[in-house]
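Below is one structure, written out as structure tokens; comments come after it.
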Amino acid sequence: MTDRLKGKVALVTGAGTKGDGIGNGKACAILYAREGAKVVATDIDIDAAQSTAEAIRHEGGECIAAKADVSLAADCSAMIEECVANFGRIDVLHNNVGITDSGGPVEYSEAQWDRMINVNAKSVFLTAKFALPHMERQKSGSVINISSINAVRNIPFPKFAYSASKAAMIAMSREIAIQYAPVGIRSNVILVGLIKSPIVEQNNVRLYGGDLEEMWKKRDAMCPSGHQGEVWDIANTSLFLASDESRYVNGVVLPVDGGLINLVKL
Amino acid sequence: MKRLNGRSAIVTGAARGIGRGIVERFLAEGASVLMVDILSDELEKTARELGASDSNLQSLAVDLTAVDAPTKIRETAEKAFGRIDILVNNAGIGITGKIGDFTDAQWDKVLGVNVTAPFRIAREIVPKMADQGFGRVVNITSFAATAGQREDTAYAVSKAGLEALTRSIAVDYGRAGITCNAIAPGVIVTPLSEAVLGDLDPRLPIVQVVIGNRPAPFNGAPSDIAAAAAFLASDDARYVTGHVIPVDGGAGTVRYVPDPDGVSMKRFVEEDLRSIGSRG
């Protein structure tokens with residue numbers, strides 16, 4: 001355990017992982033705690049959030065779990081108030097929550113569209129709405145928005161509402177970055193590339209004909225790096241953006257994709 | 001935590017400013033560093049001031065545009081450290097002017113130092129990195145690569161070229177375990193930028209654009225670029241390749257020139273919000 005986030009308080013949304021694996025949110029929460037941050041792990045599934053909090057406490061870190069559906073203003077307000085009530089401040093707002101789905105405009109139902117936009121995009125508005133006043137009082141804060149390479153490229157299946165929601169995160173992050181820079185708050189985006197994560201295993205395997213090993217092999221082959229990333233790659237980059245080492249990095253869109261979006265052809 | 005323990009690095013343009021900042025950070029992270037610069041006196045002075053042992057810090061005074069410079073750099077680093085893990089192409093020069101003002105010699109000089117030299121040094125070293133299955137290349141570009149600035153022709157072209165070179169190396173050598181990224185600094189306070197900007201009237205449009213257009217409430221320091229370089233050189237960034245990270249206090253996201261009287265953006269925003277009654 002080192003101290004790149006010593007004295008900081010980080011709130012991570014979607015910090016639980018369904019099942020036994022470690023997803024992006026859980027990895028970030030664990031790494032933040034390892035680096036000295038006090039962590040609030042929130043998830044719509046309180047059991048999953050609890051299991052992340054237990055993993056952190058097991059390592060000697062400090063973490064509380066909270067249940068939150070980030071598409072609801074009341075939940076966003078409550079989780080941030082709980083964070084501040086427990087730890088006195090909020091230094092890192094890590095917007096990790098995301099759901100995914102495939103299909104084009106014809107295939108999507110209006111209800112699917114609304115849910116995708118509410119969970120992935122409206123949540124950034126709502127978490128920012130309640131976290132920024134605290135950060136403004138502190139005169140410091142780092143907002144980290146976990147978007148996707150789908151925000152800027154179509155790879156490789158139609159994901160109409162998903163891509164739209166992830167692109168919206170970029171614009172919101174930029175707005176926050178500019179409006180709040182003068183008071184010492186930064187906001188940046190990570191574009192997540194192909195990652196060997198539990199959620200991908202659960203959701204995407206049918207797109208590859210149901211063969212998991214075949215899916216991993218095909219995804220490895222797509223990357224200029226020759227391999228997919230791991231959830232810790234997202235966590236390590238998030239750590240840089242959360243720490244004061246990136247104090248002059250603001251409004252940035254940073255792909256963590258092994259160079260994938262540089263390729264014109266897959 | 002030392003994130004570059006056991007790594008050896010080459011930093012060009014290392015004698016002062018951003019390059020020196022990168023050297024200091026790399027040493028603090030546990031790396032051995034070969035400092036390369038054309039300014040031999042400054043190089044010696046910096047080496048003395050950094051006070052590291054010979055086994056951790058070496059310097060080489062060389063003109064990067066010399067035909068034998070890449071070989072000399074590689075041989076010096078290999079002799080000193082046995083291998084090369086990290087290459088930082090930081091050295092850069094600028095000559096201002098519109099294309100009508102530029103001579104061929106001036107153009108060649110800017111492109112020679114800023115693009116051709118990084119290409120030739122990478123050509124010398126990247127295949128060696130590929131043989132060992134590990135390498136990190138970090139190119140220092142500029143916000144000028146993507147944003148138009150007045151009378152900055154050759155510099156902007158050279159930095160855009162360096163960004164393209166960054167992507168090419170990343171895509172071609174990714175499978176060999178090499179990552180290649182660029183950092184695009186915004187306003188960074190160095191002896192050079194202070195000399196250029198310090199004497200200018202702060203109300204001049206150029207100063208407004210360069211300094212006033214940065215949302216961060218402070219100017220960047222070489223240590224800010226060094227922090228990003230250390231991240232890219234470390235294992236933390238093993239899945240980050242082919243990209244440009246702006247370290248500019250958000251300047252790249254802004255597209256207007258603030259009021260010359262220094263009215264803060266925050267106040268603009270607050271007035272806007274009041275007028276539409278949407279706050280709270």
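All values derive from a computational prediction rather than experimental measurement. Per chain, numbering begins at 1; letters A, B, ... match sequence-line order.
Note on A:S187, A:G251, A:P255: by heavy-atom pairs under 4.5 Å with chain B, the leading option is A:P255. The most heavy-atom pairs under 4.5 Å with chain B, out of A:V253, A:I185, A:V252, come from A:V252. Ranked by heavy-atom pairs under 4.5 Å with chain A, the list B:D248, B:D172, B:V171, B:I178 is led by B:D248. Interface summary for chain B: among A:P133, A:G226, A:G258, the most heavy-atom pairs under 4.5 angstrom belong to A:G258.
For A:N236 (side chain) and B:A237 (main-chain N/O), no donor-acceptor pair under 3.5 Å exists by modelled atom type. Side chain of B:Y239 to backbone of A:S225: no donor-acceptor contact under 3.5 angstrom is found. Side chain of A:Y248 to backbone of B:D224: no donor-acceptor contact under 3.5 angstrom is found.
Between B:F231 and A:F240, the two ring planes are parallel [angle under 30°; tilted spans 30° to 60°].
When all heavy atoms of B:A170 and A:P224 are compared, the pair lying nearest together is O-CB, 4.4 Å. Heavy atoms only, all atoms of each residue included: A:M222 and B:R175 are closest at C-NH2, 4.5 Å. Looking at every heavy atom in both residues, A:A181 comes nearest to B:A216 through CB-N, 3.9 Å. The nearest pair of heavy atoms linking B:H243 to A:D257 is NE2-OD1, 2.5 Å.
Proximity to chain A (any heavy atom under 4.5 Å) is shown, for B:F218, by both the backbone and the side chain. Heavy-atom distances place both the backbone and the side chain of B:A221 under 4.5 Å from chain A. Within the 4.5 angstrom heavy-atom criterion, atoms from both the backbone and the side chain of A:R247 approach chain B.
The structure places CG of A:L241 at 8.0 Å from CD1 of B:I245, a figure rounded to the nearest 0.5 Å. Annotation: the span from A:T237 atom OG1 to B:R238 atom CZ amounts to 10.5 Å, rounded to 0.5 Å.
Heavy-atom neighbours of A:E175 CD from other residues, nucleotides or ligands within 6.0 Å: at or below the threshold of 12.
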